[in-house]
Amino acid sequence: MLPCVNTEDDSTAAAVTLPVNVRDLLPQDLPACTWAGSDTHLRHVERELARAAAGEVDYLAVCTPADLPVATGGVDYQVCEGAGTLWQLAVMPALQSCGLGTLLVRAAEQRIRDRGLRRAELAVEEDNPRARALYERLGYAAYGREPDAWDEVGPDGSIRRHETMCILMCKSL
């Protein structure tokens, strides 16, 4: 059960408890995941699901009782030998700070352990202190920095290159 209180508007704040489950993300889930990113991003996720079918990655979804994904993320086993690399972790914005990110990371770590690996790694953008604080609370420690870049859709529909600096973090499992 996931308790959550939305405190954005205190006059209407209410506590809600909702059961959720973690399962593999499926291609048929993608139309319900528009909150996670643009069409370009979702096409990339669709390609990653083909890698999941080949056993190279796990791609997880935290789902409501209606089986709608409210958090998603992957574990790539090809990036670093002996470790699972968490990536593309996202929680529906309206449900952030409700414990879904923690649940997703813990489920990903269990998948890594299930493969006999004892280390998890991830990269977080330097300008995302909220996510970094979550990972630190979950036991991840920074060990370096590296640039990253990807294509994203701008407000006008044009494709632009997003470049950023990431903090590399790891955790022994």
Side-chain angles (χ1 to χ4, degrees), residues 1-53 55-77 84-115 120-125 127-140 148 150-153 155 162 164 166 169 171 173:
M1 299 296 264
L2 177 73
C4 187
V5 176
N6 181 343
T7 58
E8 302 256 341
D9 178 359
D10 288 337
S11 66
T12 61
V16 176
T17 301
L18 183 68
V20 293
N21 70 300
V22 181
R23 63 167 173 77
D24 290 329
L25 184 71
L26 304 171
Q28 58 266 32
D29 293 324
L30 295 179
C33 293
T34 57
W35 54 266
S38 67
D39 289 342
T40 301
H41 171 72
L42 292 177
R43 282 193 301 274
H44 176 75
V45 172
E46 188 172 29
R47 287 190 300 274
E48 294 303 324
L49 292 179
R51 291 183 63 214
E56 297 172 5
V57 304
D58 282 318
Y59 215 106
L60 306 175
V62 178
C63 297
T64 67
D67 208 30
L68 294 173
V70 292
T72 59
V75 181
D76 194 324
Y77 301 102
T85 302
L86 284 65
W87 100 116
Q88 295 184 349
L89 303 172
V91 174
M92 183 180 282
L95 296 175
Q96 291 177 354
S97 297
C98 293
L100 294 169
T102 297
L103 180 64
L104 179 62
V105 170
R106 288 182 177 156
E109 290 171 350
Q110 186 58 51
R111 294 284 183 105
I112 294 168
R113 281 191 291 273
D114 289 348
R115 287 190 179 228
E121 298 196 351
L122 57 84
V124 61
E125 289 183 77
D127 64 356
N128 192 349
R130 186 175 179 182
R132 182 176 178 181
L134 168 66
Y135 303 139
E136 288 173 344
R137 276 194 312 277
L138 295 176
Y140 286 80
D148 199 359
W150 56 86
D151 291 336
E152 63 182 13
V153 178
H162 177 81
T164 189
C166 290
M169 303 182 83
K171 176 181 177 180
L173 301 178

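Start at 1 with the first residue, then count along the sequence.
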Once rounded to the nearest 0.5 Å, what's the spacing between atom [atom1] of [X] and atom [atom2] of [Y]?
X	Y	atom1	atom2	result
D39	H44	CG	NE2	14.5 Å
L86	I112	CG	CD1	5.0 Å
Q28	L49	CD	CG	9.5 Å
L89	L100	CG	CG	12.5 Å
L25	L30	CG	CG	5.5 Å
L60	D24	CG	CG	6.5 Å

Residues which pass side chain to side chain contact (heavy atoms under 4.5 Å, CB included) with [X], listed by chain and number, not counting sequence neighbours:
X	answer
T64	L18, A66, L68, V70
A131	V124, N128, Y135
L134	T102, R137, L138

Legend entry - Contact summary for A123 and C166, nearest pair of heavy atoms: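 Distance-wise, the nearest heavy atoms are CB-CB, 3.9 Å.
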Legend entry - Closest non-hydrogen atom pair between A71 and V91, with its separation: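 That closest heavy-atom pairing would be CB-CG2, 3.9 Å.
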Could you check if a side-chain atom of [X] sits within less than 4.5 angstrom of a side-chain atom of [Y], using non-hydrogen atoms only?
X	Y	value
R115	V75	no
C33	V45	no
W35	L95	no

Legend entry - Listed once per pair and sorted, the salt bridge (Lys or Arg N to Asp or Glu O under 4.0 Å) pairs that draw on residues 64-73, sequence neighbours left out: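 Residue pairs passing salt bridge (Lys or Arg N to Asp or Glu O under 4.0 Å), neighbours aside: R23-D67.
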Using the salt bridge (Lys or Arg N to Asp or Glu O under 4.0 Å) criterion, which residues pair with [X]? Sequence neighbours excluded.
X	answer
D151	R161
E125	none
D148	none
R132	E136

Restricting to side-chain hydrogen bond (donor to acceptor under 3.5 Å, both in side chains), what partner residues turn up for [X], sequence neighbours left out?
X	value
R51	E48, E56, D76
Q110	R113, D114
Y59	Q88

Legend entry - Results of ring-ring contact (aromatic ring centres under 6.0 Å, His included) for W150 - residues two or more places apart only: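 Partners of W150 by the ring-ring contact (aromatic ring centres under 6.0 Å, His included) criterion, ordered by chain and then number, come out as H162.
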Inset, instruction - Using atom types as modelled and distance alone, determine if a side-chain donor or acceptor of E46 lies under 3.5 Å from a backbone N or O of P27. - result: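 Not confirmed, E46 side chain does not pair with P27 backbone.
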